[in-house]
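This report refers to the structure that appears directly beneath it.
Both ligands and their constituent atoms are indexed starting at 1 by order of listing.
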Amino acid sequence: IKPCNLTGWWENDLGSKMQVFEVGKDGTFSGQYHTAVSSTKKPIQPSPVTGSQHLDEDGQCTFGFTVNWKKFSDSTAVFVGQCFNGDDGKEVLHTSWLLREKVDSELDDWKATRTGHNTFTRAG
Ligand SMILES: O=C(CCCC[C@@H]1SC[C@@H]2NC(=O)N[C@@H]21)Nc1ccc([N+](=O)[O-])cc1
């Protein structure tokens with residue numbers, strides 16, 4: 001089984017793309033996230049990714065990463081998930097995410113976090 005390594009280009013079910021640069025010996029990585037969707041009016045820009053993965057031999061590692069929507073939204077997303085090696089040899093990442101937008105008042109804190117899930121496959 002191919003060991004798990006997230007380096008490369010991924011695409012999710014929303015059409016967002018993520019490029020993971022090389023993964024360090026300690027499993028940490030950085031990259032760029034090109035979201036296909038946003039709930040801001042500002043133009044979407046590639047945003048920095050930082051994360052860490054397990055270096056399992058069995059190719060089915062767990063990982064987490066954070067996206068800081070630097071330029072176009074005062075918000076942050078964290079993704080957590082696992083890589084699966086399909087029987088067809090294709091890798092798939094099943095993830096859940098929390099998206100935290102900045103709110104101006106503590107009274108609005110209750111409505112500031114959204115959650116969801118995304119599946120990623122290797123971009124063509
Ligand atoms: O719009 C944004 C920034 C972009 C978020 C993209 C999300 S991350 C989880 C999901 N998977 C993806 O590939 N893309 C989406 N931030 C934002 C702006 C406004 C508000 N708001 O509540 O107003 C909340 C978040």
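- Residue Thr40 approaches ligand 1 through these ligand atoms, each under 4.0 Å from one of its heavy atoms: 18 (C).
- Distances between N or O atoms of Ser16 and those of ligand 1 include at least one value under 3.5 Å.
- Ligand 1 has no atom lying under 4.0 Å from any heavy atom of Arg100.
- The single protein non-hydrogen atom nearest to atom 8 (S) of ligand 1 is Trp69 CZ2, 3.5 Å, given as residue, atom name and distance.
- Put simply, the side chain of Val20 does not reach to within 4.5 Å of the side chain of Val49, judged on heavy atoms.
- From the protein, the heavy atom lying nearest to atom 23 (O) of ligand 1 is Glu101 OE1, 3.4 Å.
- Remark: minimum distance from atom 7 (C) of ligand 1 to any protein heavy atom is reached at Leu99 CD2, 4.1 Å.
- Proximity of Asn12 to ligand 1, defined as any heavy-atom pair under 4.0 Å, is confined to the side chain (atoms from C-beta onward).
- In terms of protein heavy atoms, atom 14 (N) of ligand 1 is closest to Thr35 OG1, 3.0 Å.
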List, one per line, each side-chain donor-acceptor pair under 3.5 Å for residues 22-33, sequence neighbours excluded.
{"from": "Asp26", "atom 1": "OD1", "to": "Thr28", "atom 2": "N", "distance (Å)": "3.0"}
{"from": "Asp26", "atom 1": "OD1", "to": "Thr28", "atom 2": "OG1", "distance (Å)": "2.8"}
{"from": "Gln32", "atom 1": "OE1", "to": "His34", "atom 2": "NE2", "distance (Å)": "3.4"}
{"from": "Tyr33", "atom 1": "OH", "to": "Asn12", "atom 2": "ND2", "distance (Å)": "3.1"}

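- At the top of the distance list for atom 16 (N) of ligand 1, counting protein heavy atoms only, stands Ser75 OG, 2.9 Å.
- Looking only at heavy atoms of the protein, atom 13 (O) of ligand 1 is closest to Tyr33 OH, 2.6 Å.
- Shortest contact from atom 15 (C) of ligand 1 to any protein heavy atom: Val37 CG2, 3.8 Å.
- Within the 4.5 Å cutoff, the side chain of Gln53 has heavy atoms near those of the Leu55 side chain.
- The hydrophobic cluster containing Ile44 also contains Trp69, counting ILVMFWY residues as joined when their side-chain heavy atoms lie under 4.5 angstrom apart, directly or transitively.
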Per-pair distances, 0.1 Å, donor-acceptor, side chain in residues 115-124, under 3.5 Å, sequence neighbours excluded:
{"from": "Thr115", "atom 1": "OG1", "to": "Trp97", "atom 2": "O", "distance (Å)": "2.8"}
{"from": "Asn118", "atom 1": "OD1", "to": "Trp97", "atom 2": "NE1", "distance (Å)": "3.1"}
{"from": "Asn118", "atom 1": "ND2", "to": "Asp13", "atom 2": "OD1", "distance (Å)": "3.3"}
{"from": "Asn118", "atom 1": "ND2", "to": "Asp13", "atom 2": "OD2", "distance (Å)": "3.3"}
{"from": "Arg122", "atom 1": "NE", "to": "Glu91", "atom 2": "OE1", "distance (Å)": "2.7"}
{"from": "Arg122", "atom 1": "NH1", "to": "Thr7", "atom 2": "O", "distance (Å)": "2.6"}
{"from": "Arg122", "atom 1": "NH2", "to": "Asn5", "atom 2": "O", "distance (Å)": "2.8"}
{"from": "Arg122", "atom 1": "NH2", "to": "Glu91", "atom 2": "OE1", "distance (Å)": "3.4"}
{"from": "Arg122", "atom 1": "NH2", "to": "Glu91", "atom 2": "OE2", "distance (Å)": "3.1"}

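- Contact annotation: for Ser73 versus ligand 1, heavy atoms closer than 4.0 Å belong to the side chain alone.
- Atom 20 (C) of ligand 1 has as its closest protein heavy atom Ser39 OG, 3.5 Å.
- For Ser47 (side chain) and Gln45 (main-chain N/O), a donor-acceptor pair under 3.5 Å exists by modelled atom type.
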